[in-house]
Each structure stands twice: as C-alpha cells, then as structure tokens.
Amino acid sequence: MSRDHLKGAMAAPGPTYDADAPFLELLARGAAAEAYDRPVLLARAEGGSGERIAALEHAKLLALRVRSELEGRRRREAELSALFETAHDLAGPRDVDAVLQAIVQRARSLLGTDIAYLSLHDPARGDTYMRVTEGSVAARFQQLRLGMGEGLGGLVAQTARPYVTDDYFRDHRFRHTTTIDAGVRDEGLVAILGVPLMLGPHVIGVLFAADRRARVFEREQIALLGSFAALAAAAIDTANLLTETRSALAGLERANEIIQDRSAVIERASDVHDRLAELVLRGGGVHDVAAAVSQVLDGTVEFLESAPAAAVETSRAEGHAVRHQQDWIAAVAAGGELLGALVLRGHPGLDPVDQRTLERAAMVTSLLLLARRSAAEAEQRVRGELLDDLIEARDRDPRLLRERAARLHADLDATHVVLAARLDAAAPDADAPDADQEAAARRRLWSAASHLAATRHGLAAARDGGTVLLLPLQPGDTATELARSTALHLGTAVHEAVTVGASAPVRGLAAEPDKVVAAYAEGRRCLDALRLLGRSGDGAAAEDFGFLGLLLAGDRDVSGFVDRTIGRVAAYDERRGTDLLRTLDAYFTSGMSPARTKDELHVHVNTVAQRLERVGRLLGDDWQSPARALEIQLALRLRRLATAAPH
C-alpha cells in the first residue's frame, strides 16, 4: 500500500475505516515483519484517535500471528514435501548413493546450513567414515574417519542419540582428537548437529548438519534431520536386502548351471528358481517358500522355529543341509542369528542338486524373514511414536492425529483403555551380569506388546522401564478383563510374569489428547498398587481396588464406586419402596448392634433382622466382613454427601 493510499484510508471517517485493510495487503504481498509497524506509526504521525490507533495495534498483532502461522505452515509443507520426495526416491530403482546424496542435499537446504554430510559404520575397522558430503570444501575433512566415542559423531554413534553443539571447539562433552579437530578446523565448522542412522537397535551411521558460525538448532530442526536419517537408513537397508536377494538368486542360478547335464534335475532346479524368484518379487512368506519347494522336491517341506538342536547347529556351522534320521534339515540363519530351519520330511536319500535346492530355499527364507522383521520394526516404531506424542500431548491437531492413527488401522474416536505393563522381576544393577538379560526381556516385552497392539488395532510404546499400550475396548468387555487378558498374553509371550495396570475407559482421544496423559498415570498407579499388594503377574483396573480405587483413579469416580458398592440395595429400595439403605446406615451408626438399631429406627428387632437378611442377599454373605463393611460405610457416607450437595 502506498503512503498516499494509506493516509487516505487513515483520514476516512471513523465508521468507514477498516483497521484490517493495510495489514491484509501486507499479508497478501508477503511483506517483512518490520513493515507491519508502519500503519500504526503513520496513524500516530497523522494525529489519529486513540481508538483508531488501538484498533490498528490489535489488527497488527493478529496479522503478525497469521503471518507467523503461514510461515510455519509453508516451512512444514516444504519439509514434508522433501520427505515425500525422498521416500519416493526409495521406492524407485535409483542407486543408493544417489538417494543418500539427495537426502544430504535436502537436509542442508531445509535446515539452511553451510554443510551437511553422512558417515557410515565400518564393521571391519570398528569406526565410521565419510560417505556423502554436501557443501564441504576441505579435502581432509571429506576423508575423516571417526572412532567410537571420538568427536561429536563418534559420541552419536556410540550412544545412539542426537547431539548438538553450538561451538564445537568449546564443547567438552565428547572426546576431541587432533585428526578430527584438524579436519573440522579446515572446514571452518562451529555449530554441528548429528543424529544416528538406526537399523533396529543398531547404529549404522550418522547424519550431520553444520554451520561455520555459532547457531542454536531448534527441536523441530533436530526432528527433521532425524526423519531424513530414518529415510537414509531405510535406503541403505533396502540396498542391502536387494544385494542379498540378488546374491541368493545368483546362487540358485549357479546351482542350475551345475546340474545342466541331467535333464530331470535341471527341470526341477529351474522350477524352484522361478518359484522362489516370483515369491521374493511378490512378497511371499516363508510358508509359501516351503510349499513351493515341497512341490519341486516331491515331498513335505516345513519351516520350523524349533527343530532338533544338534542337527540345526551342524547345518548352521557347515552351511549345508544335513540328514537327521529320515529327514533333511537346513538351518535358516542370518548374520549369526538362528531364525529356524527348513525340514524335508521322509527323504532319507537326497541327491546333491536337491540338497542344494533345499539350502538355497533356506537362504531365501532367511531373507524374507529379515525383510518381514524390518517392516514390523518400522511399524512398531511408528505406533510407538504416535503413542508417545499422545502421552506427551505434543501434537494437538485432531485431524492429524486421526490421520496418523488411520494409517495404522487405529481409531482414536473409539473407546480405549490405557495399560501400563512391566516385567515382574526387579530391575538389576546396571553392572550386574544379568543386566543384558533384563534388557533383552524388556525388548521381548515391547515386541510382544507391539504385536498385540497391531493385531488389536491399538498402539504400544516402550516407556518408563516397561511398556504402555492403548487398546480399544470391545463391547461387553471391562477394563479389568482387558488388563487380565493382556497380562496373561504378554506373560505367555515373554515366558515371565507381567503385571498390568489399566485406566478407566477413555473416549475422544483425538480431540482431547490430555486424556491419555491422565489415563496413563492412572494405569501406572494401578500397576504400582498391584506390585505393592503382592499381585505381581496379575492385571487390574482402579475399580478392582474398592474404595482404594478412588485414590488410584485419575477422575475420582465417586458415583461409580457408590453404585458398585451399594447400588443393588439402592435400586431395591427404589423399586420396592423399602428402607434398606437407612437401616444399613443406622446399623453401622449403632456399632452393628441390631438392638440399638431398632431403637434408632423405632421398629421391632425382628424387622431389623429381616432387613439385614435382605441386605445380605443383595450384597453377598461377606458384606459384614471388615473390608466390605468399611467400603459400605464409605459408600453410604459418600452417597449421603452427594445427596446433600446443592444442585
């Protein structure tokens, strides 16, 4: 807006003056933030009224808020677009080096840094080396190798956590070395951010963004670089899996060449090769591989997670299928980990070509298992991230929460229960020999909980030394039943006692994510109460603890407690017009003496006895036990207080 135009608008009569107009024009042309002070300054210079100046000030604040929101949305759109483009690159047949280069370029561009680079772990030498750089000008820096724990990158690789420094040479949290410092000095770097590249629990490299001046990296920028790191890890993992798959297929082709002199054998080998290749390409499972090999070898082939140990170990050590009584066994292993075995039943005599076919099928089976595990771990991480965001209430946009949940086949508008699960065994000292076993047990618990959440269309995350689940409540079920069934399921899966505390049912989590925070706290209180009461390995909700549940429940469900405790008596009084609740109150007030109760009520003692007998039939024979009597008295008092409360 020109100065004359603005002055004309300011000079217009009060009723027709629009304080928003100059700021809308500034928003429309994307003006800098400083420009928003000009309409106010001009109004003051022209002697505008206090009312007009106040209106302009208010409009300026609103316009600046809108401008900030628009800028944030544009920045987030650019980030999501870059992530989408990178994910699209992963889906194509591009070379992994090209994908990694694109990731580094986009990370540098979006974070606005002078340089971005990526280092990968070298298992043979036990250190990391520079794989891709963008914006680097120093040759020595581009050839750096970082040992575990050396430099900021070595610290990230060692701890598997992001680290950031706004002044590299003044930061003493990590170990400086002459070689690394010289490379960083050559490049002129000051502020450095590094995030780990993770495959499962393993760090395979580090992605960096750095500036040649002091700078503070925001949380959103750290999270964005972490997203690029996850995509880079996926690209490397995909490339490795494709290489291993090609290697397995190449092995099958070599086996086919060896048996070309025997037509029948060639036909069988070609058949199994085609079948397995097709299975790999269309995403078949391990049982599909077993079925295909069964047809080729004219026998029954099964995949077993548990097979005769001695034979499996021999097959794994020798790398060949071995005979076991009337069967042949080929170990299915990858990276030193035993995943199971392929067992060919009832074929005591097996020629070398068919034996090789069984071995290649075992190799393809291992690749399929690794691919399935990688996909499952990725989904588990996504489910855990969504549940963490709900618990910490970081993302309060209901639409985005629903969309994220829908991609995981979860419905945040359904009724859910938050469950806190923990292993029964006490956590050992970190230096104790069984600390690794405890950590492995916790990983098994998280894995079992994630699998349960996926099958139940819920969410799961590792948290506070245990696992938290968000599971939908099926019609007719209660929070108590869900807690107990979950404790039994997880305990069976990990072969250890698992204790589970449940919240009361919660609804509308997308619109009110704070409910998840309160429900998780309630579930943890129930979990702690179970352990303190010696009920480890069990599952329960706050409603199971009687009046103690009032202390455990986050929302203090007083009416629910009263209804569970004396609701049947109140309903009987309402239907029949009797006076059982008043009789109960007088009975406890009179020290549980029927004689004193009849004086209090001015009735015959037999009438008191008949009423108390009716109460026993409604509440159960143990209603006068100390624990039940205490709960009933508390419920009577709470009901009396609720009735007396003003409405």
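Just so you know, residue 1 is the first one in the sequence shown, and it goes up from there. Predicted model, so just to flag it, every value in this text is computed and none were measured.
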Inset, instruction - Side-chain contact test, heavy atoms from C-beta onward, threshold under 4.5 Å: evaluate it for Leu100 versus Leu118 and give yes or no. - result: yes
Legend entry - Any donor-acceptor N/O pair, Arg456 side chain to Pro472 backbone, under 3.5 Å: yes
Legend entry - Atom of Leu144, atom of Gly183 and distance for their closest heavy-atom approach: CD1-CA, 4.2 Å
Inset, instruction - Please check if the side chain of Arg108 supplies one atom and the backbone of Ala209 the other of a donor-acceptor pair under 3.5 Å. - result: no
Inset, instruction - Report yes or no: does Asp464 contribute a side-chain atom to a donor-acceptor pair with the main-chain N or O of Gly466 at less than 3.5 Å? - result: no
Inset, instruction - Heavy atoms only: give me the nearest Leu423-Ala441 pair and the separation to one decimal. - result: CD1-CB, 3.5 Å
Legend entry - Euclidean distance, Ser136 OG relative to Asp114 CG, rounded to 0.5 Å: 11.5 Å
Inset, instruction - Mind running side-chain contact (heavy atoms from CB on, under 4.5 Å) on Thr467 and Arg422 for me, showing each step along the way? - result: CA-CA 6 Å; Thr467 300; Arg422 193 177 300 166; over 6 Å; no
Inset, instruction - Would you sort out whether Arg140 and Glu187 count as a side-chain contact (heavy atoms from CB on, under 4.5 Å), showing the intermediate values? - result: CA-CA 9 Å; Arg140 179 159 53 176; Glu187 197 64 58; over 6 Å; no
Legend entry - Partner residues of Arg463 under the salt bridge (charged side-chain N to carboxylate O under 4.0 Å, His left out) criterion, sequence neighbours left out: Asp388, Glu392
Inset, instruction - Please step through side-chain contact (heavy atoms from CB on, under 4.5 Å) for the pair Val137 and Arg212, ending with a clear verdict. - result: CA-CA 12 Å; Val137 296; Arg212 297 186 175 95; 3.9 Å; yes
Legend entry - Heavy-atom check, side chain of Glu150 versus side chain of Ile180, under 4.5 Å: yes
Inset, instruction - Would you confirm whether Asp211, through its side chain, and Ala191, through its main-chain N or O, come within 3.5 Å as a donor-acceptor pair? - result: no
Legend entry - Validation row: Leu469, Leu459 side chains within 4.5 angstrom (heavy atoms): no
Legend entry - Heavy-atom closest contact (Gln221 atom, Leu193 atom, distance): O-CD2, 4.3 Å
Legend entry - Any donor-acceptor N/O pair, Ser503 side chain to Val418 backbone, under 3.5 Å: yes
Legend entry - Step-by-step side-chain contact (heavy atoms from CB on, under 4.5 Å) determination, Val195 to Val206: CA-CA 6 Å; Val195 296; Val206 180; 5.9 Å; no
Legend entry - Shortest non-hydrogen separation from Leu197 to Leu120 and the atoms involved: CD2-CD2, 4.2 Å
Inset, instruction - Measure from the side-chain N and O atoms of His489 to the backbone N and O of Ala487, and report whether any donor-acceptor pair falls under 3.5 Å. - result: no
Legend entry - Distance in Å, Leu199 CG paired with Ile204 CD1, rounded so as to fall on 0.5 Å steps: 4.0 Å
Inset, instruction - Report yes if the side chains of Leu224 and Glu220 come closer than 4.5 Å at any heavy-atom pair, otherwise no. - result: no
Legend entry - Beyond-backbone contact of Thr113 with Arg215, side-chain heavy atoms, under 4.5 angstrom: yes
Inset, instruction - For atom CZ of Arg170, decide whether the heavy atoms of other residues, nucleotides or ligands shown that lie under 6.0 angstrom number more than 12. - result: no
Inset, instruction - Answer with yes or no whether the side chains of Asp171 and Tyr163 bring together a donor and an acceptor at under 3.5 Å. - result: no
Inset, instruction - Please step through side-chain hydrogen bond (donor to acceptor under 3.5 Å, both in side chains) for the pair Thr415 and Arg507, ending with a clear verdict. - result: CA-CA 5 Å; Thr415 301; Arg507 302 171 183 83; 3.3 Å; yes
Inset, instruction - Evaluate side-chain hydrogen bond (donor to acceptor under 3.5 Å, both in side chains) for Thr133 paired with Gln142, printing each intermediate quantity in order. - result: CA-CA 7 Å; Thr133 63; Gln142 297 169 14; 4.6 Å; no
Legend entry - Side-chain donor or acceptor of His416 paired with backbone N/O of Leu473 under 3.5 Å: no
Inset, instruction - Calculate, to the nearest 0.5 Å, the distance between atoms OG1 and CD belonging to Thr128 and Gln158 respectively. - result: 11.5 Å
Legend entry - Interatomic distance, Met130 atom CE to Gln143 atom CD [nearest 0.5 angstrom]: 10.5 Å
Inset, instruction - Identify the two heavy atoms, one from His121 and one from Val203, that lie closest to each other, and give their separation to 0.1 Å. - result: CB-O, 4.2 Å
Inset, instruction - Please examine the side chains of Leu482 and Leu419, heavy atoms only from C-beta on, and report whether any two atoms are closer than 4.5 Å. - result: yes
Inset, instruction - Please list, chain by chain and in numerical order, all residues satisfying ring pair (Phe, Tyr, Trp, His ring centres under 6.0 Å) with Tyr168, sequence neighbours excluded. - result: Phe174, His176
Legend entry - Side chain to side chain, Val184 and Leu152, heavy atoms closer than 4.5 Å: no
Legend entry - ring pair (Phe, Tyr, Trp, His ring centres under 6.0 Å) partners of residues 195-222, not counting sequence neighbours, each pair once: Tyr117-Phe208
Inset, instruction - Check for a donor-acceptor pair, side chain of Ser109 on one end and backbone N or O of Gln105 on the other, with a separation under 3.5 Å. - result: no
Legend entry - Spacing of Leu490 atom CG and His451 atom NE2 [to the nearest 0.5 Å]: 11.0 Å
Inset, instruction - To the nearest 0.5 Å, tell me how far Asp186 CG sits from Phe141 CZ. - result: 10.0 Å
Inset, instruction - Could you tell me which non-hydrogen atom of Val494 sits nearest to which non-hydrogen atom of Ala448, and how far apart they are? - result: CG1-CB, 4.3 Å
Legend entry - Leu189 side chain reached by Arg213 side chain, heavy atoms, under 4.5 Å: no
